[in-house]
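So you know, we letter chains A, B, ... as the sequences are listed, proteins then strands, and number each from 1.
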Amino acid sequence: TARPANAEALTVFAAASLKTALDDVAGLWRRETGTEIAVSYAGSSALARQIEAGAPADLFISANPGWMDRLEADGFLRAESRRDLLTNSIVLIAHGRDATPLALSPDLDLSGLIGDGRLAMALVDAVPAGIYGKAALETLELWEQVAPKVAQADNVRAALALVAIGEAPFGIVYATDALAETRVSVAARFPADTHPPILYPAAVTADSDAPDALPFLAFLESAGARAIFERHGFSPAP
Amino acid sequence: MSLSLAVTHGFPGFSLDVAFDAPPGVTALFGRSGSGKTTLVNAVAGLIRPDTARIAVNGTVLHDSAAGVWVPPHKRRIGYVFQEGRLFPHLNVAGNLAYGGWFAPRGAVKGAETRRVVEMLGLGALLDRRPATLSGGEKQRVAIGRALLSAPRLLLMDEPLAALDDARKAEILPYLERLRDETDIPVLYVSHSVTEVARLATTVVSLSDGRTTRVGSPAEVLADPRAVPTLGIRDAGAMVSAVILRHADDGLSELDGPGGTLLLPRIAAPEGTSIRVRIHAHDVILAREAPTGISALNVLKVTVAAVRAGEGPGMVVQLDAGGERLLARITRRSAKALDIAPGLACYAILKSVAVAPEDIWIAGGEDARPQADTR
Amino acid sequence: MSLSLAVTHGFPGFSLDVAFDAPPGVTALFGRSGSGKTTLVNAVAGLIRPDTARIAVNGTVLHDSAAGVWVPPHKRRIGYVFQEGRLFPHLNVAGNLAYGGWFAPRGAVKGAETRRVVEMLGLGALLDRRPATLSGGEKQRVAIGRALLSAPRLLLMDEPLAALDDARKAEILPYLERLRDETDIPVLYVSHSVTEVARLATTVVSLSDGRTTRVGSPAEVLADPRAVPTLGIRDAGAMVSAVILRHADDGLSELDGPGGTLLLPRIAAPEGTSIRVRIHAHDVILAREAPTGISALNVLKVTVAAVRAGEGPGMVVQLDAGGERLLARITRRSAKALDIAPGLACYAILKSVAVAPEDIWIAGGEDARPQADTR
Amino acid sequence: MPFLSADEWTAVALSLQVSVWATLASLPVGILVALALARGDFPGKQILNGLVHLPLILPPVVTGYILLVTFGRRGPVGGFLEEQLGIVLAFRWTGAALAAAIMAFPLMVRAIRLAIEAVDPKLEQAAGTLGASRLLVFVTVTLPLILPGIIAGAVLAFAKAMGEFGATITFVSNIPGQTQTLPTAIYAFLQVPGGEASALRLVLISVAVAMSALIVSEGVARLVARRIRGS
Amino acid sequence: MPFLSADEWTAVALSLQVSVWATLASLPVGILVALALARGDFPGKQILNGLVHLPLILPPVVTGYILLVTFGRRGPVGGFLEEQLGIVLAFRWTGAALAAAIMAFPLMVRAIRLAIEAVDPKLEQAAGTLGASRLLVFVTVTLPLILPGIIAGAVLAFAKAMGEFGATITFVSNIPGQTQTLPTAIYAFLQVPGGEASALRLVLISVAVAMSALIVSEGVARLVARRIRGS
Ligand SMILES: Nc1ncnc2c1ncn2[C@@H]1O[C@H](COP(=O)(O)OP(=O)(O)OP(=O)(O)O)[C@@H](O)[C@H]1O
Ligand SMILES: Nc1ncnc2c1ncn2[C@@H]1O[C@H](COP(=O)(O)OP(=O)(O)OP(=O)(O)O)[C@@H](O)[C@H]1O
Ligand SMILES: [Mg+2]
Ligand SMILES: [Mg+2]
């Protein structure tokens, strides 16, 4: 099949939560190589489906492995190019600048702390941040008590907003989100072993013929890129 | 004063400037198409806001632009029969008729009156129908009924009978006359029909190009030889008074009329009733001597009061008949042959049947119904 | 055959069942409000699909429900003057007038004709105006103009003149007569006015409750004593033929009429022209002897042909005047006094001015304009 | 296995509840605003007009966010409502109804406004001469005549409310049994690989419900219109 | 620092382009469909009506998804269009216009339909008797009379297209310079910490553009209506 007009320009499909970090990395790439790059940010699910439908994406960076697995299984990726790029952690945040730190354990009366408020999360069965959060609460045996109080937002940013403006006293978001929002503070960090690893896998698509695809993928793991990602709160994947 | 008006209004290319005071009763607005009749009526109804206006009905000021008084239309209590019907499409005929009653003072519209109006207008079979399914004349009848049944303090009727056949008109006119005679609701009545105007009007206002050309009683306006050009020659005629003496067996009524006994087709009013008759100028024959052996039953002794030549072959002769004025229109040739000149004593001949039932009406009796005999 | 119709149609509570063949010319539809006139006209226009129909105009079948022929309205080339105007609100008067011409065959509507119609209808000053700003009569005139200027093969006119004043009517009627006489466009003309009908119609179809009660020439229908109840007594009368002999200096025209010389107000047609005159029954006086010294100029020798008593005080007397029929309406009392009976020779007296200009017209001359004298 | 899970049934019921309330409760306001826009002549008319259209122009998330900061418990209006009237909108189905109503408002207003503009003012004048005040003219003449337009507006609003998602979830989140409407449930299914079949099931339900409403309303509108035109 | 970045300017321009095209290109279809729904009497009318409303009922994501699988390069229609006509919609601005047009279609159709239903058929009959065929009646009478409704429908559609997000991002993604419209750009900003200010800037631009269109169109519609009513 024919490629779209700008075949040589690199098109990256990336999960929306990467926008600020990846925009900076892309800027660096442009400065260093002088070549163009366009990044389309949307939900991982939408992007994955678009790749299945023949989208002109050269590179896909997903916010969770699930969609990457599906694309790989159906042969839309160059499997050998797939790698786990970044990792993130989830945190319990509270409204206000200086939340009392909490010790996460089955004994914690989280429900009592929430009171008649809400625990803001991303969709617990659909959106990665929500899935990880629910898994962590289950591991910590806290899910049962807080489940009725969970307000699920359609994405993790909306959950953050609920806590930021004080509509919900607590929320579970990525550490990266908590970092930049001054109206919330971290009350507790969920240990990495309480939930499946939070990974941002990346891979070159099967249809890609952009010569820059693999170099850019490599560039994402370069020290310069890494510094940017870390500045935005991401960690390099193990 | 029943209706007092002073209105000026300008449209691009047309200006209205009318002022008159009319006594109680029916004020007929008469004038050619486009002379400003509907505009004036709309001003009275409050549907347009004329540039300047002073409008008062029975002493109540409805609009006084100088004093800043303006009564909104719904407080004017007006029954307006529009030139174009304007029935409510979502209501059936019964609903349209009842509409005005919903807002009238409690008890103002009586069931009996509704039934009478429905019957008079022949709407009984149409009550469940929607306006969209009515014929042109049926719509107009409903519009008349709707206005009559809104317990109005003022009736505005813009060519209400134009879409109706003569038989239907003959049924509605007596009702309007009764309304005029039995109630004190002033009526502003727009019509192109001199017969209607002469029969109904207490006052005739003739409009031309937005200006009043004549205001007066129909007797004055219609019997004025100078009015002939305005009214149309065919409608010239005089109105005379008479008293019913006797109803004869052969269907005629004998009247004590101007200059002698008048015989007319039976008038449905008791003996002794005063009536008014409009006698068309073109129905009157003049004779030097009383003729005999002719079918015309009425031969009145008259004196020629004035003669006025028209532009064509005709002349209008004003006659004095026992103190009342009559008009006759004859040819110049006849006038010459008979030597018609002011002061001449002669005879006016009039066929009984030449007088149309709609030209006879009760002079103002309280309960006598001015129903012309239907023969 | 010019117009051939057989239509049945049912509405809830009303059914139409009409069939007639009319010769070329104007076919007048006459009948009370709600008698089915508009329904019939709509069927001819193709705006309703009657239950069964066979409609042919000048031999062209427009609708034949039995044969499954149905010509859609826009192919019928009809100029329809609707009872309610139906002007296009988004076009100005000029646009409304021109509308029909856009779809007529190329060159069918001539500029001169447009100018003539605009002038005749007095629309010159209104051409730029939108229908919403026109008076009732102005709208109706535009509607008439729009129909006339669509180069129609058939004209349907549903009470076209009802909203107009007499003077305006008098300007339009001659145009319609000329249309009838100079073109072969058949016209189906709905009217409540006997004067209009008598003047224009070639054929009169009288409808009552959806059924034809009479079909015939106006002379037949209007002079038939039996038609009196249908037409209304005031409109009974006969049509007679006459030839213009001489135009006198005093504004009268001398005619060779039935039973003698007729003197009428000047008729605007050359000497020698054949005309037709409608003489109202109530304008005719009967006399046993020729009267003298009276202003009535016409005294015709007649023989009583038939006598028909009415319900009231009147009788209708059919007269033979030199082979033509006349009608007179007199009181029973006079009939008795004069001993009126079939076979009696007597005199019919008629005032010249009693004959209205609109009751005189050219019998069918090709270029003589039937313009009544305007006096 | 039943066609729908209990949670899904609840979502269906809740969607209906939210949509019906959103439609009915905004109808009077919609009629008033449409009237003001169609007939009124006041300063700020264009601003009102713009405000009404705003939910159409803004991405739903933005509208939802604005609702959140305004009608949330900490928001100026939301706080007032809670303190003074005890009305809580945030995280409640009532809030979902508010969001749906606001998103559907421009559609409703435009339909009603068009209907009002089509009413012949001459009929209203006639009603005025017969003694009806402006309010009564509206109730007895204008309102019946614009009924088809009101129905059309209500149907559009209902359909929009059935499909509304972005503003709703931003404002009231997704709490199963309380604020989880069909569109949210569908959205959730579409986020996970392999959720398409479940989503399709809910889509079909949603379509079936909305279509029934549509067909019924069309029938009613046709009936009303025919009554006005006269069978 | 300029008020907007180059990418953002592109997004503004693209949004305008997409909305104008979505509106103009769907207008003829919208008029036809409105005509069929208002006047037609054919089997499947209710189905057509339902289809038209579908984008309103479905969550935009679903509509976008349906577009993706239908008009995508691998989809049945998309494949056909590309092979036979060389038209590619997926991941092009044309696709964004398609998505916006489809999302706005119910609003446009309803407005036009209401206007058509308000036209007095008696006027169309009159035009018929004067020789105009059904098509010409439509062009010379119906169309001018429904112009205010068409303008209203176009404005609604334009406003909706300016705000359309869910279906667009699902169908054509969010590629800067190619498919990134204002709403999708706003969305992307809202997904990251600190993006609110940028989002707000874009929201203001979007509102300003749509409001200007609104005000102009109101003026035009008022002019047209006044001409019809007669000054
Ligand atoms: N759609 C309809 N449904 C029911 N009845 C109808 C319908 N249309 C007309 N009618 C009835 O059919 C009869 C004939 O109507 P039509 O309009 O033909 O009368 P018309 O002779 O033109 O009367 P007019 O002189 O008052 O205009 C009337 O009684 C009318 O009420
Ligand atoms: N809105 C308007 N703009 C401009 N001219 C107008 C407007 N309304 C009425 N006119 C003009 O004012 C004049 C008077 O109109 P009006 O309707 O009062 O006439 P009318 O006497 O009722 O005539 P008709 O007997 O034909 O109904 C007409 O020449 C008409 O064209
Ligand atoms: Mg008028
Ligand atoms: Mg009729």
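- Of the residues considered (Leu107(E), Thr184(E), Val61(E)), Leu107(E) shows the highest number of contacts with chain D, using heavy-atom pairs under 4.5 Å.
- Between Leu51(D) and Leu54(D), the closest side-chain pair of non-hydrogen atoms falls below 4.5 Å.
- Heavy-atom distances place the side chain of Tyr65(E), and not its backbone, under 4.5 Å from chain D.
- With no hydrogens or angles considered, no side-chain donor-acceptor pair links Thr10(E) and Gln180(E) at under 3.5 Å.
- With a 4.5 Å cut-off on non-hydrogen atoms, Ile215(E) touches chain D through its backbone and its side chain both.
- Ranked by non-hydrogen atom pairs under 4.5 Å with chain D, the options Ala111(E), Gly149(E), Ala199(E), Ala152(E) are led by Ala152(E).
- In terms of modelled atom types and a separation under 3.5 Å, the side chain of Thr179(D) and the main chain of Ser173(D) share a donor-acceptor contact.
- Contact annotation: the side chain of Leu32(E) never approaches that of Val29(E) to less than 4.5 Å [non-hydrogen atoms, C-beta and beyond].
- Counting heavy-atom pairs closer than 4.5 Å to chain D, the top-ranked of the candidates Met211(E), Gln46(E), Glu218(E) is Glu218(E).
- For a residue to count as touching a neighbouring chain, one of its non-hydrogen atoms must lie under 4.5 Å from one of that chain's; by this rule Val209(D) does not touch chain E.
- Taking Ser19(D), Ala210(D), Ala159(D) one by one and counting their heavy-atom pairs under 4.5 Å with chain E, the maximum is reached by Ala159(D).
- Within 6.0 Å of CD1 in Ile47(E) there are 12 or fewer heavy atoms belonging to other residues, nucleotides or ligands.
- If you tally non-hydrogen atom pairs under 4.5 Å between each of Arg113(D), Met162(D), Glu164(D) and chain E, the highest count goes to Arg113(D).
- Only the side chain of Ile186(D) comes within less than 4.5 Å of a heavy atom in chain E; its backbone stays farther off.
- Both the backbone and the side chain of Leu58(D) come within contact range of chain E, with heavy atoms under 4.5 Å apart.
- Side-chain contact check for Glu8(D) versus Phe189(D): some heavy-atom pair is nearer than 4.5 Å.
- Under a 3.5 Å cut-off, the side chain of Lys160(E) and the backbone N or O of Met103(E) do not form any donor-acceptor pair.
- Residue Leu156(E) touches chain D through both its backbone and its side chain, counting heavy-atom pairs closer than 4.5 Å.
- At a threshold of 4.5 Å between non-hydrogen side-chain atoms, the residues Asn49(D) and His53(D) count as touching.
- Of the atoms belonging to Leu190(D), it is side-chain heavy atoms, and not backbone ones, that fall under 4.5 Å from chain E.
- When heavy atoms are compared at a cutoff of 4.5 Å, Lys122(E) does not approach chain D at all.
- Looking at heavy atoms from C-beta onward, Leu16(E) lies in side-chain contact with Phe158(E) at the 4.5 angstrom threshold.
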